[in-house]
Protein chains: 2
Amino acid sequence: MFKLSRAGEYALRGVVYIASKNVDDAVHVAEIAKCQNVPEYFLVKVFSRLVRNGIIHSIRGNKGGFRLSKKPENISVYDIITAVEGPLNLNDCFICKNSSKCKMKPVWDEAKEKMMEVLKQHNIADVA
Amino acid sequence: MFKLSRAGEYALRGVVYIASKNVDDAVHVAEIAKCQNVPEYFLVKVFSRLVRNGIIHSIRGNKGGFRLSKKPENISVYDIITAVEGPLNLNDCFICKNSSKCKMKPVWDEAKEKMMEVLKQHNIADVA
DNA sequence: ATATAATAAGACTAATAAGGTCATGTAAGT
DNA sequence: ACTTACATGACCTTATTAGTCTTATTATAT
């Protein structure tokens, strides 16, 4: 019920890595993959989701790479996870779907809310 | 990252069903499966985990079935989910495993804690 | 005692989702 | 132009979840 995907983990580690190298040059995905020991092609795919969600931005071509779009302290753990895994909703329970007054739905919503709060409170500067 | 399994959902619905029939007779799994529109064999398996974890108890043989081990108000949503899915731990991140000082671990722990709290606060009597 | 009705447990299969790879395209710097 | 690097989507592989079936075991009723 509560497990981070590899994609989410790689995204976090990748962003932390970029943040840690506070250089003006963009960082190559190949370098990140190698240093973090994650599959490069897969990381490319994960990063593309971060780009689409405005968390990092890419520079193509020679001397290209990735750079953070905002300061590390303005990127929350929540931002990264939802960018990669999509919005956190598990409310596809049978009862929810078939009745507007499913008694479990408020419980899920509350649990999700509390969890999201924590993930929003922590940013990349904290965990780098 | 946050999704209830079918097993978890069936378990919840099954327990709620038993609670709703406040009779002294044990309730057959076949009846529950039929009324809840859930695969019977699968529900048997799910229920066996609830038995092992002391949430319901079983009466075998003719006129057998399942009965709650405690009052509905003493069975939390958390109890049922962890009985069926095992303990909620997602802390198998690469960094956690390879370093005792993984900066993400406290975040996961806190998020998990907050979520568990909510699930513990709600019981079967609430959601029945 | 025996037949019957129920759960127990685990092997097995099917379906779905996650993880990973690859080929082709596009953009930018030299 | 050529090289280097990201973009994208198709594809394959592996792992997990969901579901089924078979063979016990247990208890009740007759």
Side-chain angles (χ1 to χ4, degrees), chain A residues 1-14 18 24-34 36-69 81 83-86 89-90 92-94, chain B residues 1-14 18 24-34 36-69 81 83-86 89-90 92-94:
Chain A
M1 166 163 214
F2 181 58
K3 189 169 185 312
L4 183 66
S5 64
R6 291 274 179 90
E9 188 195 319
Y10 294 166
L12 266 166
R13 283 166 56 196
I18 297 175
D24 276 345
D25 299 319
V27 187
H28 302 173
V29 77
E31 176 190 339
I32 303 169
K34 198 177 165 198
Q36 293 289 313
N37 197 38
V38 306
E40 180 177 340
Y41 285 120
F42 189 52
L43 191 60
V44 166
K45 203 152 70 168
V46 170
F47 268 27
S48 76
R49 295 182 221 163
L50 295 178
V51 170
R52 267 178 246 153
N53 285 278
I55 291 166
I56 58 180
H57 81 270
S58 67
I59 299 120
R60 297 223 267 195
N62 202 347
K63 296 257 171 189
F66 293 95
R67 210 179 284 166
L68 302 189
S69 297
I81 291 176
V84 166
E85 300 191 359
N89 51 353
L90 90 167
D92 49 358
C93 126
F94 179 85
Chain B
M1 166 162 211
F2 182 58
K3 187 166 186 312
L4 184 65
S5 65
R6 291 275 177 90
E9 188 195 321
Y10 295 165
L12 266 165
R13 284 167 55 197
I18 297 175
D24 275 346
D25 298 321
V27 187
H28 302 172
V29 77
E31 175 190 340
I32 303 170
K34 198 178 167 197
Q36 293 288 313
N37 196 38
V38 151
E40 179 178 340
Y41 285 121
F42 191 52
L43 191 60
V44 167
K45 203 151 68 167
V46 170
F47 268 28
S48 76
R49 293 182 224 165
L50 295 178
V51 170
R52 267 178 244 152
N53 285 278
I55 291 166
I56 59 181
H57 82 271
S58 68
I59 298 121
R60 299 223 266 192
N62 202 346
K63 296 258 174 186
F66 293 94
R67 210 180 284 165
L68 302 189
S69 297
I81 291 177
V84 166
E85 301 191 356
N89 52 354
L90 89 168
D92 50 359
C93 124
F94 180 85

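Sequence lines set the chain letters: A, B, ... in the order given, protein chains first and strands last, and positions in each chain run from 1.
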For the atom pair NE2 (A/His28) and NZ (A/Lys34), what is the distance rounded to the nearest 0.5 Å? 12.5 Å
Output, in order, the C-alpha distance, side-chain angles, deciding distance and verdict of side chain to side chain contact (heavy atoms under 4.5 Å, CB included) for B/Val29 and B/Glu40. CA-CA 7 Å; B/Val29 77; B/Glu40 179 178 340; 4.2 Å; yes
Mind checking which nucleotides bracket the chain A contacts on DNA chain C, 5' to 3', with an atom under 4.0 Å from a heavy atom? C/dG19 to C/dG29
What residues in residues 41-60 of chain A put a non-hydrogen atom under 4.0 Å from any atom of DNA chain C? A/Tyr41, A/Phe42, A/Lys45, A/Arg60
Do you know the tightest heavy-atom contact between B/Ala7 and B/Val46? O-CG1, 3.6 Å
Walking DNA chain D from its 5' end, the first of A/His28 and B/Tyr10 to be reached, judged by nearest nucleotide, is A/His28
Please answer whether the main-chain N or O of B/Ala83 pairs with a side-chain N or O of B/Arg49 as donor and acceptor at a distance below 3.5 Å. no
Taking every non-hydrogen atom, the tightest pair across B/Val84 and B/Ala11: CG2-CB, 3.5 Å
Here the gap from B/Leu68 atom CG to B/Ile18 atom CD1, rounded to the nearest 0.5 Å, amounts to 5.5 Å
Short of 4.0 Å, heavy atom to strand atom, which residues of residues 62-69 of chain B count as contacting DNA chain D? B/Asn62
Could you please spell out the steps behind the side chain to side chain contact (heavy atoms under 4.5 Å, CB included) verdict for B/Phe66 and B/His57? CA-CA 6 Å; B/Phe66 293 94; B/His57 82 271; over 6 Å; no
Would you compute the distance between atom CG of B/Asn37 and atom CZ of B/Arg13 and round it to the nearest 0.5 angstrom? 7.0 Å
Decide side chain to side chain contact (heavy atoms under 4.5 Å, CB included) for B/Ile81 and A/Phe2; before the verdict, give the C-alpha distance in whole Å, the side-chain angles of both, and the deciding distance to 0.1 Å. CA-CA 11 Å; B/Ile81 291 177; A/Phe2 181 58; over 6 Å; no
Please report the C-alpha distance between B/Glu85 and B/Leu4 in whole Å, then the side-chain angles of each, then the deciding distance to 0.1 Å, and finally whether the side chain to side chain contact (heavy atoms under 4.5 Å, CB included) criterion is met. CA-CA 9 Å; B/Glu85 301 191 356; B/Leu4 184 65; 3.6 Å; yes
